Colleague: 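Next up is a structure, given as structure tokens.
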Amino acid sequence: MHHRTTTRRPRRLLAAAVAVTAGAGLALAGTAPLAQAAGPHVIDGGGDAFNDWGDEGTLSRHSHADSNATWLWQSVLYADGAKWRDSHGVRHTFKKSDVDGRFGWKTASATKWWQTHEDLEDVDGIVGKETFGAADNFLSGPHSGGQVDYTGFVRQVAFKRLAGTYYVKIDGHWKKASYNRLG
């Protein structure tokens, strides 16, 4: 089993991801104002991004299961190439099409894989403070325009953090990473 630590984190995707995200037009110019005060109902942070998520709430099949916060977490699973196990025990890669903001059995299974892969104490398929805190070690930024990057093993994904509030890109639009809203 391959484990990563913050000191061994590869930056192999950084140059490619910068080129891809720059070409994707992540600028928010011309959109509705997004900067609003962060609150306990959204994923938030301040200062350097690498310590933003350790105090976040809980995501699971029974807690904020259908939310933009779940969409953010699924983006992490996708970036790391997480695996989920089907009913026959066969492992499948968590794909971009699996990122839908709904914390179902695939997300729970892929979260268990991620927790095992990161050598966490709690391998329960629930995203709590330990899991969020381990994931935020792989955040960088904020960069220009509030961009925060998560560097995964397979790819890099970008979020926005404006006025302390995280945003995820859903259907081409930046949406608050809210615990109580999907879409």
Side-chain angles (χ1 to χ4, degrees), residues 9 11-53 56-60 64-82 84 93-104 106-108 110-111 114 127 131-132 134-183:
R9 184 63 171 192
R11 295 291 178 193
R12 65 187 180 267
L13 298 174
L14 187 57
V18 168
V20 168
T21 55
L26 292 176
L28 293 174
T31 63
L34 297 176
Q36 297 179 12
H41 61 288
V42 296
I43 294 181
D44 62 5
D48 290 330
F50 66 85
N51 64 356
D52 275 355
W53 294 350
E56 287 302 324
T58 301
L59 301 173
S60 72
H64 309 293
D66 296 331
S67 68
N68 292 352
T70 293
W71 193 291
L72 179 140
W73 176 249
Q74 290 172 327
S75 298
V76 167
L77 296 174
Y78 170 66
D80 277 324
W84 58 273
T93 300
F94 201 84
K95 299 177 185 172
K96 188 170 187 163
S97 60
D98 294 322
V99 179
D100 62 4
R102 300 185 187 284
F103 203 112
K106 280 185 186 179
T107 302
T111 298
W114 194 93
V127 184
T131 301
F132 263 133
D136 75 5
N137 290 323
F138 309 110
L139 294 173
S140 64
H143 308 293
S144 176
Q147 182 172 320
V148 174
D149 296 317
Y150 179 87
T151 303
F153 275 116
V154 177
R155 63 192 50 86
Q156 185 168 326
V157 294
F159 305 109
K160 292 281 184 181
R161 191 184 78 193
L162 301 172
T165 298
Y166 270 83
Y167 292 80
V168 293
K169 200 162 201 178
I170 301 173
D171 299 327
H173 302 284
W174 290 103
K175 305 282 186 160
K176 282 185 183 180
S178 169
Y179 285 99
N180 297 320
R181 181 165 186 236
L182 177 57

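Please read all numbers here as calculations on a predicted model, not as lab measurements. Computed from heavy atoms alone, side chains included, the values below leave out hydrogens, waters and symmetry copies.
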Colleague: Among residues at least two apart in sequence or on other chains, which ones pass ring-ring contact (aromatic ring centres under 6.0 Å, His included) with Tyr166?
Modeller: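 Only Trp53 meet the ring-ring contact (aromatic ring centres under 6.0 Å, His included) criterion with Tyr166.
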Colleague: For Leu59 versus Ser67, what's the shortest heavy-atom pair and its separation?
Modeller: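 Heavy atoms only, the tightest pair is CD2-OG, 4.2 Å.
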Colleague: Test of understanding: with side-chain hydrogen bond (donor to acceptor under 3.5 Å, both in side chains), list the residues that count as partners of Asn180, not counting sequence neighbours.
Modeller: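 His64.
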Colleague: Between Val148 and His143, is any pair of side-chain heavy atoms under 4.5 Å apart?
Modeller: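 Answer no - side chains too far apart.
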Colleague: How long is the straight-line distance from CG of Asp52 back to CG of Asn137, given to the nearest 0.5 Å?
Modeller: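 Answer rounded to 0.5 Å: 11.5 Å.
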Colleague: Do you know the tightest heavy-atom contact between Arg161 and Pro142?
Modeller: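 Closest approach of Arg161 to Pro142, heavy atoms only: NH2-CG, 3.2 Å.
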Colleague: Of all residues at least two apart in sequence or in a different chain, which pass the side-chain hydrogen bond (donor to acceptor under 3.5 Å, both in side chains) check with His173?
Modeller: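 Testing His173 for side-chain hydrogen bond (donor to acceptor under 3.5 Å, both in side chains), a comparison that skips the adjacent residues, returns none.
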Colleague: Got a sec, which residues hit side chain to side chain contact (heavy atoms under 4.5 Å, CB included) with Thr93, two or more places apart in sequence or on another chain?
Modeller: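 Expected list: Lys83.
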Colleague: Would you indicate whether the side-chain heavy atoms of Asp44 and Glu56 approach each other to under 4.5 Å?
Modeller: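 Yes; the side chains approach each other to less than 4.5 Å.
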Colleague: Using a distance-only test with no angle check, is there a side-chain donor-acceptor pair under 3.5 angstrom linking Asp100 and Trp71?
Modeller: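 Asp100 vs Trp71: no donor-acceptor pair found between side chains.
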Colleague: Measure across Ala49 and Leu139 and return the closest heavy-atom pair with its distance rounded to 0.1 Å.
Modeller: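 Here Ala49 and Leu139 meet closest at O-CD1, 3.4 Å.
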Colleague: According to side chain to side chain contact (heavy atoms under 4.5 Å, CB included), who are the partners of Asp48, at least two apart in sequence or on a separate chain?
Modeller: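 Applying side chain to side chain contact (heavy atoms under 4.5 Å, CB included) to Asp48 gives Phe50.
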Colleague: Quick one: does any side-chain atom of Asp80 pair with a main-chain N or O of Phe153 as donor and acceptor, under 3.5 Å?
Modeller: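 Answer holds: yes.
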Colleague: Counting C-beta onward and ignoring hydrogens, is there a side-chain heavy-atom pair between Leu77 and Thr111 closer than 4.5 Å?
Modeller: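 With C-beta onward as the side chain, the pair touches.
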Colleague: Once side-chain hydrogen bond (donor to acceptor under 3.5 Å, both in side chains) is applied, do any residues pair with Asp98, and if so which ones, sequence neighbours excluded?
Modeller: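 In terms of side-chain hydrogen bond (donor to acceptor under 3.5 Å, both in side chains), with neighbours along the sequence ignored, Asp98 is linked to Lys106.
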Colleague: Hey, are the side chains of Asn68 and Ile170 touching, using non-hydrogen atoms and a 4.5 Å cut-off?
Modeller: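 They are in contact (side-chain heavy atoms under 4.5 Å apart), so the answer is yes.
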Colleague: May I ask you to check whether Thr107 and Trp84 show a side-chain donor-acceptor distance below 3.5 Å?
Modeller: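 Trp84 and Thr107 do not have a side-chain donor-acceptor pair below 3.5 Å.
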Colleague: Identify the two heavy atoms, one from Leu162 and one from Gly146, that lie closest to each other, and give their separation to 0.1 Å.
Modeller: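 Closest pair (atom of Leu162, atom of Gly146, distance): CD2-CA, 4.1 Å.
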Colleague: Return the NZ to CD distance between Lys160 and Gln147, rounded to the nearest 0.5 Å.
Modeller: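 Rounded to the nearest 0.5 Å, the NZ-CD separation comes to 5.5 Å.
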Colleague: If I compare all heavy atoms of Arg102 with all of Gln74, which pair ends up nearest, and what's the gap?
Modeller: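 Shortest heavy-atom contact: O-NE2, 3.0 Å.
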Colleague: How close do Thr165 and Val42 get, counting heavy atoms only, and between which atoms?
Modeller: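 The pair with the smallest heavy-atom distance is CG2-CG2, 3.9 Å.
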Colleague: Exactly one of Tyr150, Tyr179, Phe159, Trp114 should register a ring-ring contact (aromatic ring centres under 6.0 Å, His included) with Trp73. Which one does?
Modeller: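 So the option named by the test is Trp114.
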Colleague: Does some side-chain heavy atom of Phe94 sit less than 4.5 Å from a side-chain heavy atom of Val99?
Modeller: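 Sidechains of Phe94 and Val99: in contact.
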